[in-house]
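Within every chain, numbering begins at 1; the chains are lettered A, B, ... in the order of the sequence lines, protein sequences first and strands thereafter. Only a predicted model underlies this, so the values are computations on that prediction, with no experimental measurement involved.
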Amino acid sequence: MISCAVERRPLVAIVDDEEDILIFLCLALEDHGFDAVVTSKSDSAFNLLVQTEPDIICLDLLMPRHTGVGLYREISRHPKLKKCPVLIMSGLAVRGDLPGMLKSAGDLPEPAGFLEKPIDIEELVTALGDLVGRTVEVGA
Amino acid sequence: MSLPVARSGWDQNERSRLFDEMPSGVMVVDDDLSVVDSNRAFGRIFGPAGGRACYEVIKGRDSVCSKCPALATFEDGQPRVIEETGSDRSGRAVHFLAHITPVNGEQGRPDYVASIVTDLSPTRRLRHEYQTLFETVPCFVAVINRDHRVVRANEAFRRVFGEPTGERCYRLYKRRREQCPDCPVDLTFEEGSTQTSRQMGVSQDGRPTPYLVVTAPLRQDDGEITHVIEMALDMTEHQALEEQLSHADVLRLALVESSLDAILVFDSAEKVVLANQSAKELFDLQEDELFGSLAPNRIIPRELRDVLKGNQSSLELPETLIGSADGNEVPVRMAAVTLEVQGEFIGSAVIAQDLRELKQMAREKLEAERLAAVGQTVAGLAHGIKNIITGLEGGMYVTSTGLKRGDQDRIGQGWGMLVRNMTRISELTKNLLAFSRGETPRFVIASPADVAHEVVDLFHDGAESQGVELIAEIDDSVAEAMIDPEGLHSCLANLVSNAVDACLVCGREKCTITVRLYEDDETIVFEVVDSGCGMDYEVMQKAFTSFFTTKTKGGTGLGLLLTRKIVQQHGGYIDLDSEPEEGTTFRLRFERARLPGREIKEESNDG
């Protein structure tokens with residue numbers, strides 16, 4: 001089995017409050033050729049993101065003006081982090097709600113990607129692959 | 001000639017007295033026109049005349065009048081009658097009729113001339129007055145003969161129609177070529193009595209003009225009616241006013257009758273003079289209780305009586321109870337006001353609004369809020385379930401990939417996830433059942449202070465053992481209310497428990513929790529204040545709308561949802577203030593007006 005590892009594996013930062021989601025996504029993404037760091041949406045989440053400089057951020061957003069929005073706002077204003085594509089995962093909103101949500105939260109920028117929960121791993125992997133600009137092969 | 005002597009003793013003395021006391025003035029002059037005798041009546045008009053010349057006395061002249069009738073009678077011995085104007089004793093003009101009579105001497109020639117004078121002035125004045133009236137009265141006055149021709153007319157008539165040239169009345173007033181069918185003039189000629197009628201004429205500019213017409217007969221001396229005097233008053237303005245008034249009346253009646261509010265009007269003796277349809281319905285009034293009767297006591301609250309009596313100018317009762325005819329109580333809003341005309345009390349008006357519908361709407365609003373709360377609960381529920389599903393999916397993925405690779409650690413990790421989430425499902429189910437079982441709260445009259453004390457007692461020692469001080473600021477004077485004590489106990493307990501956790505999570509040295517109860521403006525307020533770490537805005541928002549918990553282990557977060565549901569059942573509100581680093585206040589507000597009423601109590605008694 002030849003695996004094409006052209007460069008280093010892309011680093012995905014996963015931010016969610018649910019421990020089991022963090023475990024699940026972390027293991028699944030690593031299986032699919034990504035490196036992952038995980039954190040809950042605590043005060044230290046932002047600093048962690050600044051330090052690790054991920055290639056993509058997967059951010060759980062509950063609803064407008066709820067936990068996660070503040071973090072997203074900080075990311076969008078940070079000189080380095082704002083260049084990092086953010087994929088928003090949402091447990092309550094559907095895609096159609098997104099523009100309204102972002103506007104009511106204070107004109108936040110549109111995220112690079114959006115997925116509804118419950119997350120489908122294959123969908124997630126494809127979306128992340130698109131965001132880093134190549135197909136990543138699955139390690140056995 | 002001497003008179004036969006009558007039994008009454010009529011003699012010269014009596015004769016003299018007659019001369020003196022005759023109601024007509026008498027003056028006797030000699031051929032020098034000097035007054036030799038005059039009677040009292042004469043003196044009353046012309047003053048003392050004896051020895052003066054008649055022209056001086058009667059006319060205030062100093063020389064003989066031209067064509068002096070007395071001189072003429074001296075000359076021809078003929079009596080004559082003249083109508084003259086002289087001047088009376090005060091120099092005022094006096095109009096009189098004079099009968100000039102010769103008093104013949106032995107030669108058959110007048111020695112003296114007597115003048116019998118009748119003062120026409122009152123008559124003349126009267127005639128003058130009537131003439132003035134005729135001329136200047138502001139309606140048309142015309143004298144009409146049997147031929148319907150106008151023979152005489154007053155100034156108003158002449159101004160409009162010109163001089164009466166014998167034109168027919170129907171031509172002038174109505175521009176008709178022939179007589180009117182119901183001619184009032186003819187009727188007056190026939191009946192011989194005054195007639196009043198309304199006629200429609202045509203004005204000078206061709207407009208139809210309503211007239212009020214009065215026709216009265218004018219009789220000759222022999223009693224025959226030769227003319228009719230017709231007075232016609234232009235009623236245009238009057239009619240316009242009448243119309244305006246009747247419009248205003250119609251409008252008023254329409255407003256009053258169509259008003260959804262009950263309106264009653266009373267006179268100064270507190271008798272009903274008006275009751276609109278809404279009033280009859282609201283107050284259940286029978287016919288004999290209306291118009292002219294006193295209002296039954298059941299519908300006028302005691303406080304309003306003073307207004308009906310005129311002792312108080314107005315009063316409003318935002319909510320009061322009146323009695324229906326079959327003994328039920330009806331909540332109404334009532335206002336009463338006195339009615340005055342130029343400062344005089346003439347009666348009062350009462351306006352009432354049925355509050356049953358409003359109350360029903362308030363109940364429905366409460367119910368709608370309950371459903372909205374349920375809706376939000378369901379949304380929050382879906383999110384919680386999604387997370388569990390993700391957890392299970394994750395568990396399955398991790399376990400199966402672990403099995404494929406033969407990675408024991410991984411298998412263990414995955415299995416753990418499965419177990420954890422299965423537990424969460426059963427926890428969730430249990431709590432949901434409890435949540436739904438809580439559907440029927442039991443409302444009783446109870447003391448909110450008692451509930452607060454119970455919760456404080458429950459948590460006090462446990463909190464202290466964990467280094468958390470529990471303080472009670474409970475106002476025991478807060479009056480009893482219709483509450484579900486068990487439900488409120490759950491709420492408070494939940495809040496206090498969260499507060500204790502918040503304190504522990506925060507890890508501060510000293511943390512206090514205050515449980516407060518007070519009443520403000522008819523609202524019962526519970527507060528649970530902790531001096532923990534506080535929550536930022538986002539966490540606060542999340543707190544109420546989902547199965548949210550900041551606790552890392554256990555807890556389905558159902559507690560706050562349940563709390564909110566119980567608060568909503570009481571018609572209450574829950575507020576949250578929090579500052580990061582400073583602490584959090586949860587506040588439950590229960591307005592007494594929104595607490596369940598008696599109906600609930602009766603239901604729960606049955607069930």
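Chain B is approached within less than 4.5 Å, heavy atom to heavy atom, by I23(A), F24(A), L27(A), A28(A) from residues 22-29 of chain A, ordered by number.
Screening I119(A), D16(A), I21(A) for a side-chain contact (heavy atoms from CB on, under 4.5 Å) with T390(B), the sole residue that qualifies is I21(A).
In this structure R594(B) satisfies the salt bridge (Lys or Arg N to Asp or Glu O under 4.0 Å) test together with E369(B), sequence neighbours excluded. Applying the salt bridge (Lys or Arg N to Asp or Glu O under 4.0 Å) test to E393(B) and every residue at least two apart in sequence or in another chain returns nothing.
By number of non-hydrogen pairs under 4.5 angstrom with chain A, the leading residue of M417(B), Q413(B), K404(B) is M417(B).
Screening residues 410-421 of chain B for salt bridge (charged side-chain N to carboxylate O under 4.0 Å, His left out) gives D20(A)-R420(B), D31(A)-R410(B) as the qualifying pairs, with residues at least two apart or on separate chains.
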